[in-house]
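Both counts, for ligands and for their atoms, begin at 1 and track the order of listing. Any value given below was found using the heavy atoms of this structure, including those in side chains, with hydrogens, waters and symmetry copies removed. We count residues from 1, following the sequence as given.
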Amino acid sequence: MSRVYNFSAGPAVLPEEVLKEAAAEMLDYQGTGMSVMEMSHRSKPYQKIIDEAEEDLRALMGIPENYKVLFLQGGASQQFAMVPMNLMRNRVADYIITGQFSKKAWKEAQLFGQANALASSADKNFTYIPDCSDLPISEQSDYVYICENNTIYGTKFHTLPNTKGKPLVADVSSCFLSEPVKVTDYGMIYGGAQKNVGPAGVVIAIIREDLIREDVLPGTPTMLKYKTHADAGSMYNTPPTYGIYICGKVFKWLLRNGGLEAMRDYNVKKAGILYDYLDSSRLFHNQVVKADRSLMNVTFVTGDPDLDARFVTEAAAAGFVNLKGHRSVGGMRASIYNAMPMEGVEKLTRFMEEFEKKI
Ligand SMILES: *Cc1c(COP(=O)(O)O)cnc(C)c1O
């Protein structure tokens, strides 16, 4: 068996320890004589799995009592509709556009009401985060929406917008659990698991209780109401059982390894290795404004698309896979989520240095 260094943006690398545990439990989960995949979601062992997953996530993030944790499906993209359907009671919301995912969310919200684009970094191809300290937040606004880490462009909000009292809704898909967060700064935090938390198929939403209400937009389907899932402990219907089980194992792995403070320190050091090299390289360049750089997705280019392609091919042959940038921006992207070991980034950096020397 040989494992590669997988720099995929998602589905992405998972901790090897977690995969080994899951493999060991595949045929017989803790004496039940069956795989978690084969288990009723209404069974006692499964209830314990989901309860522990929630408990561990609450411990990791310090989630207060008045926030619900929901395990949902439909991908992060389904939240682009669920957020306005559930929260846009005045039919007004403010969006900050920092990339494709916030743009998609903003477009989707326009199906339901007046979605204002308050700020955008489209003018410079999303290479920075706009100043959000004093935005013209609408009086009637139900919430302010951001995509906190921009997976495609490699930017991150290191300072949250001043929402002037309105609830902040954040898509944290690609920075979930990468560093400590102050949950009370948000009305709602959500993310797809497949970037930094677990397998595809699970979406985790953390929502302040007063935002979970029965009086959602008329016509909102039962399955798309947060209240449906909150009232049923994420068991209104069959949840993505196996995915939640793996997420739970990742939470325990994070707790064992010092929690989110330790993870942030590790991630800062890890990303620093790559950014320091990029800043000194004469071949590779990162185009993001330094203060807005992501710790999770590091984008870079040579300036020559043919050379980029050659680098991606040679890197893959050397065991550094999925370094091709998103199809809409080109170049390269190294996604270095929690489970990417320091060693993977060190070796990639050395490989880039060698490549630079021979070009
Ligand atoms: C990947 C991603 C999405 C889309 O997730 P799906 O689960 O494929 O719907 C949305 N937002 C962000 C920030 C992402 O990285």
*Can a non-hydrogen atom of Q194 be found less than 4.0 Å from any atom of ligand 1?*
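The answer is yes: ligand 1 sits under 4.0 Å from a heavy atom of Q194.
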
*Please write down residue, atom name and distance for the protein heavy atom closest to atom 9 (O) of ligand 1.*
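The closest heavy atom on the protein side is S77 OG, 2.6 Å.
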
*Looking at atom 11 (N) of ligand 1, what's its closest protein heavy atom, distance included?*
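Closest protein heavy atom to atom 11 (N) of ligand 1: D171 OD2, 2.6 Å.
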
Considering only heavy atoms of [X], which atoms of ligand 1 have at least one such atom less than 4.0 Å away?
X: T151; value: 12 (C), 13 (C), 14 (C), 15 (O)
X: G75; value: 7 (O), 9 (O)
X: F101; value: 1 (C), 2 (C), 3 (C), 4 (C), 10 (C), 11 (N), 12 (C), 13 (C), 14 (C), 15 (O)
X: C147; value: 13 (C)
X: S173; value: 11 (N), 12 (C), 13 (C), 14 (C), 15 (O)

*asked:* Could you check whether Y190 and F176 have their ring centres less than 6.0 Å apart?
replied: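 No, the ring of F176 stays outside the 6.0 Å limit from the ring of Y190, centre to centre.
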
_Check: Y245 ring centre within less than 6.0 Å of Y29 ring centre_ = yes

*Look only at interatomic distance and state if A76 has a nitrogen or oxygen under 3.5 Å from any nitrogen or oxygen of ligand 1.*
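Looking only at distances, the answer is yes, because the N/O contact criterion of under 3.5 Å is met.
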
Can you list, pair by pair, the side-chain donor-acceptor contacts under 3.5 Å of residues 229-238, counting residues two or more places apart and other chains?
{"from": "H229", "atom 1": "NE2", "to": "M223", "atom 2": "O", "distance (Å)": "2.8"}
{"from": "D231", "atom 1": "OD2", "to": "K227", "atom 2": "NZ", "distance (Å)": "2.7"}
{"from": "S234", "atom 1": "OG", "to": "F71", "atom 2": "N", "distance (Å)": "2.9"}

*Does any pair with a residue in residues 79-91 pass side-chain hydrogen bond (donor to acceptor under 3.5 Å, both in side chains), and if so which ones, sequence neighbours excluded?*
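Applying side-chain hydrogen bond (donor to acceptor under 3.5 Å, both in side chains) to every pair that reaches into residues 79-91, excluding sequence neighbours, yields Q79-Y226, N90-D142.
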
*Does the ring of Y128 carry K124 above it, NZ/CZ under 6.0 angstrom from centre and within 45° of its axis?*
yes

*Sub-3.5 Å donor-acceptor pair from the side chain of H285 to the main-chain atoms of Q287, do we have one?*
no

*Give the single entry among K195, K104, Q79 that approaches atom 14 (C) of ligand 1 most closely by any heavy atom.*
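Going through K195, K104, Q79 one by one, K195 has the nearest heavy atom to atom 14 (C) of ligand 1.
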
*Looking only at heavy atoms, is any part of Q78 under 4.0 Å from ligand 1, and if so is it the side chain, the backbone, or both, or is it neither?*
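Within the 4.0 Å criterion, Q78 makes no contact with ligand 1.
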
_Parallel, tilted or perpendicular, judged at 30° and 60°: which one describes the rings of F284 and F355?_
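Rings of F284 and F355: tilted, as their planes differ by 30° to 60°.
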
*Evaluation steps, side-chain hydrogen bond (donor to acceptor under 3.5 Å, both in side chains), between S281 and E356*: CA-CA 8 Å; S281 170; E356 178 170 357; 2.8 Å; yes

